[in-house]
Amino acid sequence: IQDSVARWRRMCGDRVQWIPGTDHAGIATQMVVEKELYRETGQTPRDIGRDAFLDRIWAWHERSGDRIAMQIRRLGASLQWEQQYFTLDAARSRAVTEAFVRLYDEGLVYRDTRLVNWCSHLQTAISDAEVDSVD
């Protein structure tokens with residue numbers, strides 16, 4: 001659908017940039033890398049530390065990160081492939097930090113004591129969209 005909208009807007013004379021990117025922090029990526037780490041070493045991300053885990057995510061990205069992009073390319077999608085990025089790169093990481101600091105300074109995000117959806121396996125909070133509720 002995104003490709004159709006981008007092409008249609010271009011035909012209407014609009015400047016359209018559809019820039020591909022892959023997300024390092026997605027739950028799916030995290031799960032794949034965590035399972036791989038545990039299978040190979042018997043360790044968890046907490047055991048090896050943040051920097052070592054990020055190194056493993058980069059290694060995974062180098063091996064497998066382009067798989068989805070290649071599938072989209074084969075479909076003929078009209079993205080600006082020369083501008084493709086990975087959300088863990090330095091420019092994106094700085095932008096995310098800057099955005100959160102700005103939002104915090106403006107009072108739009110904050111820390112508080114609240115109930116969250118806690119994943120005991122990942123040891124992290126997850127979104128409502130990632131929770132299967134059972135009555």
**Q.** Cluster check Ile48, Trp58: I/L/V/M/F/W/Y, side chain < 4.5 angstrom
**A.** yes
Q | Joint cluster assignment, Trp8 & Val16, ILVMFWY side-chain distance < 4.5 Å | A | no
(Q) Salt bridge check, Glu40 against Lys35: does any charged N sit closer than 4.0 Å to a carboxylate O? (A) no
Q.
Taking the basic N atoms (NZ, or NE/NH1/NH2) and the acidic carboxylate oxygens, is any pair closer than 4.0 Å for Glu106 and Arg102?
A. no
Q: Before accepting this row, confirm whether a basic side-chain N of the pair Asp3/Arg7 lies closer than 4.0 Å to the acidic partner's carboxylate O.
A: yes
Q: Drop me the distance from Asp51's CG to Arg56's CZ, to the nearest 0.5 angstrom.
A: 14.0 Å
Q: Kindly indicate, with the supporting measurements, whether the criterion salt bridge (charged side-chain N to carboxylate O under 4.0 Å, His left out) is fulfilled by Glu36 and Arg63.
A: CA-CA 13 Å; Glu36 181 180 89; Arg63 277 191 328 274; 2.6 Å; yes
**Q.** Same cluster (ILVMFWY, side-chain, under 4.5 Å), Phe86 and Trp18
**A.** no
Q) Got a sec, which residues hit side chain to side chain contact (heavy atoms under 4.5 Å, CB included) with Arg50, two or more places apart in sequence or on another chain? A) Leu54
Q: Report the distance from atom CD1 of Ile72 to atom CG of Leu75, rounding to the nearest 0.5 Å.
A: 7.5 Å
Q. In terms of hydrophobic clustering (I, L, V, M, F, W, Y; side-chain heavy atoms under 4.5 Å; direct or indirect links), are Tyr38 and Val32 co-clustered?
A. no
Q. Roughly how far, to the nearest 0.5 Å, is CD of Gln30 from SG of Cys119?
A. 8.5 Å
Q) Same cluster or not: are Tyr104 and Leu108 linked, directly or through other Ile, Leu, Val, Met, Phe, Trp or Tyr residues, by side-chain heavy atoms under 4.5 angstrom apart? A) yes
Q. Under the side chain to side chain contact (heavy atoms under 4.5 Å, CB included) criterion, do Glu34 and Phe53 qualify, and how do the steps go?
A. CA-CA 9 Å; Glu34 280 192 18; Phe53 189 64; 3.8 Å; yes
Q.
Using a 6.0 Å cut-off, check whether atom CG of Asp132 has over 12 heavy atoms from anything other than its own residue.
A. no
